[in-house]
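One structure is given below, encoded as structure tokens.
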Amino acid sequence: MSNANKEAWPELPWKEWEATANTLHMWTQIVGKTRLTLAPLQAHWWNVTLYVSPCGLTTSAMPVSGGNLEIEFDFLEHQLHFRMSDGREDRLALKPQSVAEFYRQYLVCLGRLGVSVHIDPLPCEQKEPIRFPDDTVHASYDSEYVERFWKILVRTTAIFQRFSSRFVGKVSPAHFFWGSFDLAVTRFSGRRAPERPGADAIQREAYSHEVISAGFWPGNGGFGEAAFYAYAAPVPEGLDKVKVLPAIASFNKDLGEFLMKYEEFRREASPDDALLEFLETTYAGAAELAKWDRAALERQAL
């Protein structure tokens, strides 16, 4: 690998940073649940996501009494910043500490700023959730691996934005879902999707319309290592037979998605081009099978 590729796409072995990732996951849920409460509902829950910033992950401005509040994970200074639109600020150190202690200090910071918000203390999308004020299990924070994770998010976001620029239909921003702890971008056909059997209110809102989505897992997601993914919902018949690029990518029948393992991907001659190729070919294959109106949805060459 070239030094430039090593810097842009650093190693992220799941077993080495799993404890830190699981702790950080819970911290992002606490911040994300704040946004869930404060920000008005938008289509497909886009109002709850976090965004990659020049130094970490941010809520963007959220309406509160008398102005706006932004909360940002700063993965360079390793601080959680609270910024009010009237100029007041507060911060919380990101360091090895339990979720319970982080949650306690987090509420203190909000209180000092005069922000009152109800946060559901039960984590989302966890097999065995532990309430935030009771969670002394997750207490790791390795700043080196957090910075690696953030660098990957920054580079991936840039490629996702290039990919999105070629689509003139409805498309999501590149945003971070704190429930599943992944970065994603989603394209829409414009057609409503069939009702999903057994779907709860969250799933019904998220998948109310036909989508082709792609994203990055940092090691979670049931796969056991970092990977890029792509899927269609609803799933068109024959999707598992579609040939995609680069050659290291394939359809995982257990998950029902295309996967490209991160460690293999970062060793490509041009990882940026490889990711764009993965995004384009998985989208094209799914869109053809689902009979999307590609001529109307895709930007013609300028």
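Sequential numbering from 1 along the given sequence is applied to the chain's residues.
For the ring pair (Phe, Tyr, Trp, His ring centres under 6.0 Å) condition, the pairs that include at least one residue of residues 54-76, sequence neighbours left out, are Phe73-Phe75. Pairs passing the salt bridge (Lys or Arg N to Asp or Glu O under 4.0 Å) check and including a residue from residues 195-219, sequence neighbours excluded, read Arg191-Glu210. Pairs of residues two or more places apart, or lying in two chains, never qualify as salt bridge (Lys or Arg N to Asp or Glu O under 4.0 Å) while including a residue from residues 40-68. Residue pairs satisfying the salt bridge (Lys or Arg N to Asp or Glu O under 4.0 Å) criterion with at least one member in residues 82-95, sequence neighbours excluded, are listed as follows: Glu70-Arg83, Glu72-Arg83, Glu77-Arg91, Asp86-Arg88, Asp90-Arg112.
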Would you please test Arg35 and Ile71 for side-chain contact (heavy atoms from CB on, under 4.5 Å) and show each step? CA-CA 9 Å; Arg35 187 161 191 241; Ile71 303 174; over 6 Å; no
Working note: Trp27 + Gln97, criterion side-chain contact (heavy atoms from CB on, under 4.5 Å); need CA distance, chi angles, decisive distance, verdict. CA-CA 11 Å; Trp27 294 355; Gln97 61 184 316; 3.7 Å; yes
Given the rule in the side-chain contact (heavy atoms from CB on, under 4.5 Å) test, do Leu69 and Leu110 qualify, once you have shown the distances and angles that lead to the verdict? CA-CA 10 Å; Leu69 165 68; Leu110 289 178; 4.1 Å; yes
Check the pair Ile152 / Trp9 against side-chain contact (heavy atoms from CB on, under 4.5 Å), numbers first and verdict last. CA-CA 6 Å; Ile152 296 167; Trp9 302 103; 4.1 Å; yes
Show your working on side chain to side chain donor-acceptor pair (under 3.5 Å) between Ser98 and Thr136 and close with a plain yes or no. CA-CA 5 Å; Ser98 69; Thr136 57; over 6 Å; no
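Aromatic ring centres of Phe102 and Tyr141 lie farther apart than the 6.0 Å criterion allows. Phe216 has its ring centre no less than 6.0 Å from the ring centre of Phe160. A centroid separation of 6.0 Å or more is found between the aromatic rings of Trp45 and Phe177.
Across all non-hydrogen atoms, the minimal contact from Gln126 to Gly179 is NE2-O, 4.5 Å. For the pair Trp178 and Gly32, the tightest heavy-atom approach, listed with the atom from each and the gap, is NE1-CA, 3.3 Å. Leu57 approaches Ser53 most closely through the heavy-atom pair N-OG, 3.8 Å. Ala206 approaches His44 most closely through the heavy-atom pair O-ND1, 3.5 Å. Taking every heavy atom of both residues into account, Glu268 and Pro246 meet most closely at OE1-CB, 3.9 Å. Residues Pro10 and Tyr262 share a closest heavy-atom pair of O-OH, 2.6 Å.
Thr23 OG1 to Asp135 CG: the interatomic distance, rounded to the nearest 0.5 Å, is 7.5 Å. Within the model, atoms CG of Asp272 and OG1 of Thr156 stand 9.0 Å from one another, a figure rounded to the nearest 0.5 Å. Note: Ile248 CD1 to Glu263 CD = 10.5 Å, rounded to the nearest 0.5 Å. To the nearest 0.5 Å, the span separating OG on Ser65 from CG on Leu38 amounts to 11.0 Å. One finds the CG atom of Asp74 at 8.5 Å from the CH2 atom of Trp150 (value rounded to the nearest 0.5 Å). Rounding to the nearest 0.5 angstrom, the gap separating the CD atom in Glu280 from the CZ atom in Arg162 is 9.5 Å.
Using a cutoff of 4.0 Å between basic side-chain nitrogens and carboxylate oxygens, Lys151 and Glu147 are not scored as salt-bridged.
Two residues are said to be in side-chain contact when any heavy atoms from C-beta on lie closer than 4.5 Å; Leu183 and Phe176 meet this criterion. Two residues are said to be in side-chain contact when any heavy atoms from C-beta on lie closer than 4.5 Å; Phe251 and Lys241 fail this criterion. At least one side-chain heavy atom of Arg166 sits under 4.5 Å from a side-chain heavy atom of Leu276. Two residues are said to be in side-chain contact when any heavy atoms from C-beta on lie closer than 4.5 Å; His25 and His138 fail this criterion. Looking at Phe181 and Glu125, their side chains never come closer than 4.5 Å, going by heavy atoms from C-beta outward. Using a 4.5 Å cut-off on side-chain heavy atoms (C-beta onward), Arg104 and Pro133 make no contact. You'll find the side chain of Phe149 stays beyond 4.5 Å of the side chain of Thr20, heavy atoms only. Looking at Glu16 and Glu11, their side chains never come closer than 4.5 Å, going by heavy atoms from C-beta outward.
In the hydrophobic clustering of this structure, Leu245 does not group with Leu275; members are Ile, Leu, Val, Met, Phe, Trp, Tyr whose side-chain heavy atoms approach within less than 4.5 Å, directly or through other members. A continuous path of Ile, Leu, Val, Met, Phe, Trp and Tyr side chains, each step under 4.5 Å between heavy atoms, connects Leu113 with Val64, placing both in one hydrophobic cluster. Residues Leu122 and Tyr106 do not share a hydrophobic cluster, defined by chaining ILVMFWY side chains whose heavy atoms lie under 4.5 Å apart. Tracing side-chain contacts under 4.5 Å through hydrophobic residues (I, L, V, M, F, W, Y), one reaches Leu41 starting from Ile202; they form part of the same cluster. Note: the hydrophobic cluster containing Val211 does not contain Val168 (ILVMFWY, side chain heavy atoms under 4.5 Å, direct or indirect links).
Under a 3.5 Å cut-off, the side chain of Thr37 and the backbone N or O of His118 do form a donor-acceptor pair. Side-chain atoms of Asn47 come within 3.5 Å of backbone atoms of Ala39 as a donor-acceptor pair (strictly under, hydrogens ignored). One N or O on the side chain of Arg299 and one on the backbone of Ser165 form a donor-acceptor pair closer than 3.5 Å. Under a 3.5 Å cut-off, the side chain of Thr186 and the backbone N or O of Ser172 do not form any donor-acceptor pair.
A side chain to side chain contact (heavy atoms under 4.5 Å, CB included) with Val99 is found for exactly one of Asn22, Ile30, Leu24, namely Ile30.
Every residue two or more places apart in sequence or in another chain was checked for a ring-ring contact (aromatic ring centres under 6.0 Å, His included) with His81, and none qualifies.
Seen from the ring of Phe163, Arg187 counts as a face-on cation partner, given the 6.0 Å and 45° thresholds.
Ring-plane geometry between Tyr103 and Phe132 is classed as tilted, the angle between the planes lying from 30 to 60 degrees on a 0 to 90 degree scale.
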In residues 218-240, what donor-acceptor pairs under 3.5 Å come from side-chain atoms, sequence neighbours left out?
unit_1	atom_1	unit_2	atom_2	d
Asn220	ND2	Ser180	O	2.7
Tyr229	OH	Asp182	OD2	2.4
Tyr231	OH	Tyr207	OH	2.7

